[in-house]
Amino acid sequence: QVQLVESGGGLVQPGGSLGLSCAASRFTFSTYIMHWYRQAPGKERELVATISRTGGSTNYADSVKGRFTISRDNAKNTVYLQMNSLKPEDTAVYYCKAVASWATYWGQGTQVTVSS
C-alpha cells in the first residue's frame, strides 16, 4: 500500500526553527508533485508549500514565504519542510500530500507547536 509518513514535529519557541520530513514508500515518488499543508485549531486546512517533480520549481503561501523552504530528494523518496523564524500562528498539524493526475495521497500529519 502507498504510504506517506511525516516526522520532525514538536515544540519550539517563537523565533526558533524546525525541520519536517515526509518519507514515501510503495509508489514512484518522482512522478508526484509534493505539497505541505497545515491545519491549525479551529481553522481550515491550508496549503503551505509546493514543489515540482524534479524540485526545480517551488511555491509558498504568503504567510510563510521567506521563512519556510520546501525541498525534495527523489533518491531518498523524501520531501522536506525547513521552518525558520517560527511564530505562534504557525502552530498546526502539518500534512504531506502527493499528487499525480491518477492519484492523491495524504500523510497522517505531525504536530508543530510554537510557544514559549
Side-chain angles (χ1 to χ4, degrees):
Q1 59 187 9
V2 171
Q3 188 173 42
L4 294 172
V5 180
E6 301 95 333
S7 62
L11 176 64
V12 64
Q13 293 183 338
S17 297
L18 204 61
L20 305 182
S21 297
C22 172
S25 63
R26 302 184 185 273
F27 69 103
T28 306
F29 179 78
S30 62
T31 66
Y32 287 77
I33 297 171
M34 300 300 298
H35 308 266
W36 285 99
Y37 283 76
R38 68 185 182 187
Q39 188 163 22
K43 302 291 185 180
E44 294 292 314
R45 189 170 297 186
E46 65 172 336
L47 178 62
V48 174
T50 299
I51 189 165
S52 62
R53 294 172 181 85
T54 63
S57 181
T58 58
N59 286 283
Y60 300 92
D62 288 343
S63 59
V64 308
K65 194 170 186 177
R67 300 188 297 120
F68 291 11
T69 302
I70 187 172
S71 61
R72 69 191 294 164
D73 186 339
N74 287 347
K76 296 181 179 179
N77 285 3
T78 302
V79 63
Y80 307 93
L81 186 68
Q82 179 62 44
M83 305 183 293
N84 299 324
S85 302
L86 283 162
K87 305 173 181 179
E89 52 262 45
D90 295 320
T91 296
V93 177
Y94 284 72
Y95 298 90
C96 178
K97 181 185 180 183
V99 178
S101 61
W102 59 90
T104 298
Y105 304 107
W106 288 90
Q108 83 291 339
T110 186
Q111 176 71 49
V112 172
T113 302
V114 184
S115 176
S116 59

Peer 1: Nearest heavy-atom pair of A92 and Y94: which atoms, and what distance?
Peer 2: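 Scanning both residues completely, I find the closest heavy atoms to be O-CD1, 3.4 Å.
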Peer 1: Run the side chain to side chain contact (heavy atoms under 4.5 Å, CB included) test against T28 and tell me which residues pass, sequence neighbours left out.
Peer 2: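 Partners of T28 under the side chain to side chain contact (heavy atoms under 4.5 Å, CB included) test: S30, T31.
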Peer 1: List the atom pairs, donor and acceptor, that lie under 3.5 Å between side-chain atoms in residues 57-64 and the rest of the protein, sequence neighbours left out.
Peer 2:
{"unit_1": "Y60", "atom_1": "OH", "unit_2": "I70", "atom_2": "N", "d": "2.9"}
{"unit_1": "S63", "atom_1": "OG", "unit_2": "R38", "atom_2": "NH2", "d": "3.4"}

Peer 1: Write down the atom of T91, the atom of A40, and the distance for their closest heavy-atom approach.
Peer 2: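 So the two residues come closest at O-CB, 3.4 Å.
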Peer 1: Could you check whether the rings of Y32 and Y105 sit parallel, tilted or perpendicular, using 30° and 60° as the cut-offs?
Peer 2: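 Tilted: the ring planes of Y32 and Y105 meet at 30° to 60°.
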Peer 1: Are K97 and T104 side-chain neighbours, meaning at least one heavy-atom pair lies under 4.5 Å?
Peer 2: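 With C-beta onward as the side chain, the pair touches.
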Peer 1: My understanding is that only residues two or more places apart in sequence, or in another chain, count here; which of them pass salt bridge (Lys or Arg N to Asp or Glu O under 4.0 Å) with R67?
Peer 2: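 Only D90 meet the salt bridge (Lys or Arg N to Asp or Glu O under 4.0 Å) criterion with R67.
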Peer 1: How about R26: does its CZ atom have over 12 heavy atoms from other parts shown lying under 6.0 Å from it?
Peer 2: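 No, not enclosed.
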Peer 1: Closest heavy-atom contact between V93 and Q111?
Peer 2: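 Minimum heavy-atom contact is CG2-OE1, 3.3 Å.
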Peer 1: Using modelled atom types only, decide if a donor and an acceptor are shared between the side chain of R72 and the backbone of I33 within a distance under 3.5 Å.
Peer 2: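 The answer is no, because no donor-acceptor pair under 3.5 Å joins these two groups.
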Peer 1: Among residues at least two apart in sequence or on other chains, which ones pass side chain to side chain contact (heavy atoms under 4.5 Å, CB included) with A23?
Peer 2: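 Counting only residues at least two positions away or on another chain, A23 forms a side chain to side chain contact (heavy atoms under 4.5 Å, CB included) with T78.
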Peer 1: Would you say the ring centroid of W36 lies under 6.0 angstrom from that of Y80?
Peer 2: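 No, too far apart.
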Peer 1: Between V79 and S71, what is the shortest heavy-atom contact and its length?
Peer 2: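 So the minimum-distance heavy-atom pair works out to CG2-O, 3.1 Å.
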Peer 1: Scan for disulfide (SG to SG under 2.5 Å) pairs involving residues 45-86, sequence neighbours excluded, and state none if there are none.
Peer 2: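 Sorted pair list comes back empty.
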Peer 1: If you take all heavy atoms of Y37 and V48, which pair is closest and at what distance?
Peer 2: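 Y37 and V48 have their closest heavy atoms at C-CG2, 4.0 Å.
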Peer 1: For residues 2-15, run the donor-acceptor check on the side chains, cut-off 3.5 Å, and write out each pair with its distance to 0.1 Å, sequence neighbours left out.
Peer 2:
{"unit_1": "E6", "atom_1": "OE1", "unit_2": "Q108", "atom_2": "N", "d": "2.9"}
{"unit_1": "E6", "atom_1": "OE1", "unit_2": "Q108", "atom_2": "NE2", "d": "3.2"}
{"unit_1": "E6", "atom_1": "OE1", "unit_2": "G109", "atom_2": "N", "d": "2.9"}
{"unit_1": "E6", "atom_1": "OE2", "unit_2": "C96", "atom_2": "N", "d": "2.7"}
{"unit_1": "E6", "atom_1": "OE2", "unit_2": "G109", "atom_2": "N", "d": "3.2"}

